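Here is the structure we will look at.
It should be emphasised that the depicted structure is a prediction, and the values quoted were computed from it without experimental measurement.
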Amino acid sequence: MSELRIVAAAIFHGATISLPPPARHHTVLQTMSIVMGVDAIQVRPENEGLLTSDGRFVNRVEAYYIAWRAGQLKDAKQIPELYSEDLW
């Protein structure tokens, strides 16, 4: 089994919604608005997270530690929260 990695920005809104990198959260939100008619204001910030290589939605803190262990971070951060900009 390969090492667990972060593979995409994701939003949880009743289901996990993501787009392939280098899509960022705002891109996912914009796509949700256009395709699904979801008002981005309805999406709570804590529902922004990332998708793991095993298909699991994780919050920004858990995602940070997964990316750190996998050697994916571009730069070290003091606050353990992962943003797509930290990866791609």
Side-chain angles (χ1 to χ4, degrees):
M1 184 170 157
S2 62
E3 182 178 27
L4 188 63
R5 301 177 58 78
I6 298 299
V7 297
I11 305 287
F12 185 82
H13 191 72
T16 300
I17 301 156
S18 66
L19 294 170
R24 305 216 185 280
H25 289 93
H26 70 271
T27 311
V28 177
L29 288 167
Q30 182 180 37
T31 302
M32 288 171 62
S33 176
I34 294 167
V35 175
M36 301 168 61
V38 173
D39 183 352
I41 294 172
Q42 296 176 349
V43 177
R44 299 171 58 119
E46 58 267 22
N47 289 347
E48 292 185 13
L50 293 108
L51 188 66
T52 64
S53 54
D54 65 357
R56 192 167 44 100
F57 175 86
V58 293
N59 67 31
R60 291 184 186 277
V61 174
E62 186 175 356
Y64 175 87
Y65 289 108
I66 292 168
W68 180 77
R69 283 191 297 270
Q72 290 183 271
L73 298 177
K74 291 192 309 187
D75 296 306
K77 293 175 62 174
Q78 288 190 317
I79 299 172
E81 287 186 342
L82 190 68
Y83 290 80
S84 55
E85 291 83 356
D86 299 324
L87 302 173
W88 52 81

Excluding L50, membership of its hydrophobic cluster (Ile, Leu, Val, Met, Phe, Trp, Tyr; side-chain heavy atoms within less than 4.5 Å) reads L4, I6, V58, V61, Y64, Y65, I66, W68, L73, L82, L87, W88
In this structure, CZ of R44 is separated from CD1 of I11 (nearest 0.5 Å) by 13.5 Å
Could you check if a side-chain atom of Y83 sits within less than 4.5 angstrom of a side-chain atom of K77, using non-hydrogen atoms only?
yes
For this session: Give a yes or no answer on whether the side chain of S33 reaches the backbone of L29 with a donor-acceptor pair at less than 3.5 Å.
Result: no
*Quick one: does V28's side chain get under 4.5 Å of M32's, heavy atoms only?*
yes
Taken to the nearest 0.5 Å, the spacing of L19 CG from T31 OG1 works out to 4.5 Å
Item to check | Linked, directly or transitively: V38 and V35 (ILVMFWY side chains, under 4.5 Å) | outcome: yes
If only atom types and distance count, is the side chain of H25 paired as donor or acceptor with the main-chain N or O of A9 below 3.5 Å? no
Note: F12 and F57 closest approach over all heavy atoms is N-CE1, 3.7 Å
Point to revise | Side chains of V7 and T52 in contact at under 4.5 Å (non-hydrogen atoms) | key: no
Review point. Does the salt bridge (charged side-chain N to carboxylate O under 4.0 Å, His left out) test come out yes or no for R56 and E62, once each step is laid out?
Key: CA-CA 11 Å; R56 192 167 44 100; E62 186 175 356; 2.9 Å; yes
Margin query: Main chain of A10, side chain of S18: is a donor-acceptor contact present, judged purely on distance under 3.5 Å?
Written below: no
Tell me whether the count of non-hydrogen atoms from other residues, nucleotides or ligands lying under 6.0 Å of CD in E85 goes above 12. yes
Result for side-chain hydrogen bond (donor to acceptor under 3.5 Å, both in side chains) between E48 and one of H13, R60, H26 points to R60
Do other residues, nucleotides or ligands put more than 12 heavy atoms under 6.0 Å from the CD1 atom of I34? yes
Can you find a pair of side-chain heavy atoms, one from D75 and one from D86, that are under 4.5 Å apart?
no
